[in-house]
Amino acid sequence: MQTREQRLLIVDDDEMFCHVLNRALTRRGYEVIVAHDAEQALAMAAQYLPTMATLDLKLENSSGLKLLPELLALSPHCRIVVLTGYSSIATAVEAIKLGAVNYLCKPVDADDVLTAFERQSGDPDIELADNPPSINRITWEHIQKVLQEHDGNISATARALGMHRRTLQRKLQKRPVRR
């Protein structure tokens, strides 16, 4: 039987992302509960009292920032990591003020999420990038992560990325993009 410390709630309206993250975390021994909207998330949190949660910032009909304090009210010891594809300094600051322990920009994988939960404090020695990576480099890295999450399966990766299998194969034949 799983211990309460291993119970993790994923709140995200992207069903494919939930499926991939759920599978990766389950393989690592976590009991995973998934919710696709705020109402479902609150019901699951009340029933299962998770100690960890990932929370999408932009849910289809709601904001993760509004849901965050409600989840903490139901499960006060829950450590919440906010995930988003719409990152901004303002939302990062607000998420932390509202009780999130970390804030990650998508795309992320299970290792990124688990590292975010483990970090107890900030890192003043973090490297500052001279130049941000190009959009082409970010795209390449994301394709590689998704391909790895699907154990090299091109068809499953193409479905997860929402692209045709042949398009993905053409992209994979190209050399990695420089930063």
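- Residues Val108 and Phe17 form a side-chain contact, since some pair of their non-hydrogen atoms from C-beta on lies under 4.5 Å apart.
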Steps toward side-chain contact (heavy atoms from CB on, under 4.5 Å) verdict (Gln6, Glu31): CA-CA 6 Å; Gln6 294 177 305; Glu31 179 182 347; 5.5 Å; no
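- Here the side chains of Val101 and Val81 are in contact, with some heavy-atom distance below 4.5 Å.
- A donor-acceptor pair is defined here as one N or O able to donate and one able to accept, closer than 3.5 Å; such a pair exists between the side chain of Arg28 and the backbone of Ala24.
- Taking all atoms of both residues into account, the shortest heavy-atom contact from Ala95 to Leu68 is O-CD1, 3.8 Å.
- Listed here is the closest heavy atom pair of Leu55 and Gly64: CD2-O, 3.2 Å.
- Listed here is the closest heavy atom pair of Ala38 and Leu59: N-CD1, 4.3 Å.
- For the side-chain hydrogen bond (donor to acceptor under 3.5 Å, both in side chains) condition, the pairs that include at least one residue of residues 11-23, sequence neighbours left out, are Asp12-Lys106, Asn22-Thr26.
- With values rounded to the nearest 0.5 angstrom, Thr157 atom OG1 is found 10.0 Å from Met163 atom CE.
- To the nearest 0.5 Å, the span separating CD on Glu70 from CG on Leu72 amounts to 10.5 Å.
- For the residue pair Ala41 and Leu71, the shortest heavy atom distance occurs at O-CD2, 3.9 Å.
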Verdict with reasoning, His142 to Leu161, per side-chain contact (heavy atoms from CB on, under 4.5 Å): CA-CA 9 Å; His142 180 61; Leu161 293 170; 3.5 Å; yes
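- Here the CG atom belonging to Leu21 is positioned 5.5 Å from the OG1 atom belonging to Thr54, to the nearest 0.5 angstrom.
- For Arg79 (side chain) and Phe117 (main-chain N/O), a donor-acceptor pair under 3.5 Å exists by modelled atom type.
- Once rounded to the nearest 0.5 Å, the distance linking OG of Ser75 with CG of Leu42 reads 11.5 Å.
- Residue Gln40 qualifies as enclosed at atom CD: its count of foreign heavy atoms under 6.0 Å is above 12.
- In this structure the side chain of Met52 never reaches within 4.5 angstrom of the side chain of Val113, judged on heavy atoms.
- Tyr103 and Leu67 end up in the same hydrophobic cluster when Ile, Leu, Val, Met, Phe, Trp and Tyr side chains are linked at under 4.5 Å.
- Side chain of Arg119 to main chain of Asn102: no donor-acceptor pair is present (N/O by atom type, distance under 3.5 Å, no hydrogens or angles).
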Stepwise side-chain contact (heavy atoms from CB on, under 4.5 Å) test for Leu168 and Ile154: CA-CA 7 Å; Leu168 177 59; Ile154 300 291; 4.0 Å; yes
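- With rounding to the nearest 0.5 angstrom, the CG atom of Asp37 is 12.0 Å from the CG atom of Asp56.
- No chain of hydrophobic side-chain contacts below 4.5 Å, direct or via other Ile, Leu, Val, Met, Phe, Trp or Tyr residues, connects Tyr30 to Val20.
- Annotation: the span from Leu114 atom CG to Leu25 atom CG amounts to 5.5 Å, rounded to 0.5 Å.
- Hydrophobic clustering keeps Ile80 apart from Ile96 (ILVMFWY residues linked when any side-chain heavy atoms are closer than 4.5 Å, directly or through intermediates).
- Counting all heavy atoms, side chain and backbone alike, Pro107 lies closest to Asp112 at O-OD2, 4.4 Å.
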